[in-house]
Protein chains: 2
Amino acid sequence: MNRTYQKPSLNEPSRPKRFRRGSGRATLADVAKVAGVSAQTVSRVLNNPSAVPTATLEHVRDAIAQVRYVPNRLAGGLASGRSKLVAALVPAIASPVFLETLEALTQALATQGYQLMLGESGYDDADEVQLFENLISRGPDGIVLTRVVQSELARQRLASSGIPVVETWDLTDNPVDMLIGFSHEQVGACVADIMIKRGVKYPAMISGNDPRARRRRIGYAKRLVEKGCLRTEEDLQVAEVPAPAPMGYGRRAFRELLARQVPIDGLFCSTDMLALGALIEAQHRKIIVPDQLAVVGFGDLVIAADTSPALTTVRINGQKLGTLAAELIMRRASGNLVPDKIHDIGFEVVMRESA
Amino acid sequence: MNRTYQKPSLNEPSRPKRFRRGSGRATLADVAKVAGVSAQTVSRVLNNPSAVPTATLEHVRDAIAQVRYVPNRLAGGLASGRSKLVAALVPAIASPVFLETLEALTQALATQGYQLMLGESGYDDADEVQLFENLISRGPDGIVLTRVVQSELARQRLASSGIPVVETWDLTDNPVDMLIGFSHEQVGACVADIMIKRGVKYPAMISGNDPRARRRRIGYAKRLVEKGCLRTEEDLQVAEVPAPAPMGYGRRAFRELLARQVPIDGLFCSTDMLALGALIEAQHRKIIVPDQLAVVGFGDLVIAADTSPALTTVRINGQKLGTLAAELIMRRASGNLVPDKIHDIGFEVVMRESA
DNA sequence: ATGAAAGCGCTAACAG
DNA sequence: CTGTTAGCGCTTTCAT
């Protein structure tokens, strides 16, 4: 009998009075009927095959193939409390900065059958609670934020949901739960050191208007003052642009900086995209990088190695970050506690030609 | 009585013998108890408020706030057959090409309370069926593919799942369900026309190795032959690079092309990233664009307007595509049929400086 | 090693 | 307008 299995017609006279039709797809019970076992055994074949003898295993798997059974994980998740869904929230999907993280996260999750839900938070903090509750209502086994939670209310709601949370791309002393990040102030300070080592006299910065870019700027300005390159932090020439900033903003911001008629020989851009824009504008104006102007970016996007001149920048290991986030959550989901809740993954200065 | 509502303790002596503890979070029933109504009424307040008088509405909403009720959509989805989840599959998350589409899709879905699940398919077609079943098992209300389904088996499985499917970024005569795309061959032909109009004598191409880039190439070569610019399609100078191609590949591919010692005065790059790479390499080698070399890209990434010279390219309205995909799926989910299953959204040539 | 029963939290269907 | 009942398809718990 090789015919395709047919679910019993819904119009059979024996159906109960109060009736709801299901999805029409094969269910565990259908497989069980065909295989001549109970639904429970089929479930075991799927979720814990080692508890089932080989003979039964094959038998049931044949039945699964025959009825083209596709599990319903909504039902499974409801029953077990484990949805195998992980939610991630990024400020802007179109921003290339988090792509590497997101990709690593997705891939690491996929290896264990987890699926990513993606949400967009925006750069402002409007309605954090609403945003989080939307995710929580989906019953994810974990939530990854590419930010630190802002409001106290949101913190409480997240914490009381009992769902593992990983805040990333930033450092804070009291994370909601777990944290993977690095110090933006230190990044700024490091870039200042590069400038100073190059003998830069007139430092400037093009900065996105998001909180983290601002903290890189503060670290940068502070160190410049410490080293005597600047009198006060306010003396730093800064052009601020709205995040997420496309390359064109970098060109324009650099023009604006030049228009101030103040000498500039060192430029820190809060993202590589902005740096690329500045580089292009410099080339356009025949300003020689790095001889006349040192340029440093942030992020080490794939483009950074191939600009002309190649961009000196700060690399965040987004892949490591994403993979680690996935690991922490999956470890938690499997019932294990995570020993280290705070991970400072640091950053790396990539010296190339532009500074 | 303003105390926070407490769920009855799980250790009460009256609990049934066979016992499963839930998530510990408040449920509809808890809200109902506090509000002094039935669970059904609470459900109506949430999903169909117009069917409930204002007084009850407020009453229930107070109770919801009091117990900090967050709905469980896994349960809701299971019961109603509508999960308010939409799955999207992109070849590579790190590829900027689909970002605009993805962002528009996410945002359009979010307006109606839908949530995106993101998956990565890769550029090869390994295990399409597996990939799709993974998504299907999550019970999404729709599936958006940034590709056309390849294998017949995968087509059947998708179709028989009954889930609305939107294939995008391509055109085909027999879509699984709905389709939003444009003709890659026509894009290639259009670019050829630009080249010819510019008087290009020695056309070349840098192309990703994915099927759609190849079809753009075919359209390009065909038209060049038709117009007598090339003797045969094989005469086109092509450098092929692996997709998804970062900018650096464009630089290298262009070098490779130049190393062939064949004259080149027109270059079509299968993506803007590749074009940017070629542009940078040209600048590096003092090849004047567009005077000595016309360059045309594809995609109209945000960078394209701000390269130097500004990049002439082909624009796909990713935002429109994403929004439309969301609309089609949501219309279907609300029970309405979609009149037009195939949407050719075309493309737009954006003339800038590079050609 | 396998099965039966109970229930996860919600909504559809029906009845009032 | 509101409540009761019966599932959605699965896993947990317990019994064999």
Side-chain angles (χ1 to χ4, degrees), chain A residues 7 10 15-33 35-60 64 67 69-84 136-139 335, chain B residues 7 10 15-33 35-57 59-60 64 67 69-84 136-139 162 335:
Chain A
K7 285 196 78 158
L10 299 173
R15 69 178 165 87
K17 226 173 47 189
R18 220 163 250 184
F19 182 74
R20 291 173 69 181
R21 68 185 190 297
S23 64
R25 300 214 284 261
T27 70
L28 262 196
D30 295 324
V31 178
K33 216 169 291 167
V37 296
S38 75
Q40 202 31 242
T41 301
V42 180
S43 175
R44 286 194 189 99
V45 169
L46 258 23
N47 300 319
N48 187 15
S50 62
V52 179
T54 325
T56 322
L57 217 56
E58 283 181 19
H59 212 120
V60 170
I64 286 175
V67 304
Y69 172 68
V70 178
N72 178 336
R73 285 168 178 284
L74 286 185
L78 177 61
S80 68
R82 279 168 278 109
S83 62
K84 291 228 164 190
I136 292 172
S137 75
R138 250 73 213 211
Chain B
K7 288 196 75 161
L10 298 173
R15 70 178 163 86
K17 227 174 47 188
R18 220 163 251 186
F19 181 74
R20 292 173 68 180
R21 65 184 193 298
S23 63
R25 298 213 286 261
T27 69
L28 261 196
D30 295 323
V31 177
K33 217 170 291 170
V37 297
S38 74
Q40 197 40 237
T41 300
V42 182
S43 174
R44 286 194 188 102
V45 168
L46 260 21
N47 300 319
N48 189 15
S50 63
V52 180
T54 324
T56 322
L57 217 56
H59 212 122
V60 171
I64 287 175
V67 304
Y69 172 68
V70 178
N72 179 336
R73 286 168 176 284
L74 287 184
L78 178 61
S80 69
R82 278 168 279 108
S83 62
K84 291 227 164 194
I136 293 171
S137 75
R138 249 75 212 209

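Naming: A, B, ... by sequence-line order, numbering from 1 per chain.
- No hydrogens or angles were tested; on distance alone, nothing pairs the side chain of Gln40(B) with the base of dT11(C) as donor and acceptor under 3.5 Å.
- The side chain of Thr41(B) lies closest to dG3(D) when the candidates are dG9(C), dT2(C), dG3(D).
- Here the CG-CZ distance, from Asn47(B) to Arg82(B), works out to 8.5 Å after rounding to the nearest 0.5 Å.
- Taking the nucleotide of DNA chain D with the nearest heavy atom to each of Pro53(B) and Gly77(A), the more 5' of the two is matched to Pro53(B).
- Ile64(B) has its side chain within reach of Leu46(B): a pair of non-hydrogen atoms, C-beta onward, lies under 4.5 Å apart.
- In this structure, the CG atom of Leu28(B) is 12 Å from the P atom of dA12(C), given to the nearest Å.
- Checking side-chain atoms of Ser80(B) against main-chain N and O of Gly76(B) turns up a donor-acceptor pair under 3.5 Å.
- A donor-acceptor contact under 3.5 Å is not formed by the side chain of Arg73(A) with the base of dG9(D).
- Taking only side-chain nitrogens and oxygens, Ser38(B) comes nearer than 4.0 Å to OP1 or OP2 of dG3(D).
- With hydrogens and angles ignored, a donor-acceptor pair under 3.5 angstrom links the side chain of Arg44(B) to the base of dG3(D).
- Rounded to an integer number of Å, the gap from CG of Leu74(A) to P of dG9(D) is 11 Å.
- Overall, the helix from dA1(C)-dT16(D) to dG16(C)-dC1(D) carries an axis bend of 30° between its ends, with five pairs at each end and the value rounded to 10°.
- Here the closest heavy-atom approach between residue Ser38(A) and residue Ala32(A) is recorded as C-CB, 3.6 Å.
- Distance from the side chain of Leu78(A) is smallest for dC8(C) among the nucleotides dT2(C), dC10(C), dC8(C).
- Checking dA4(C), dG3(D), dC10(D) against the side-chain heavy atoms of Val37(B) singles out dG3(D) as nearest.
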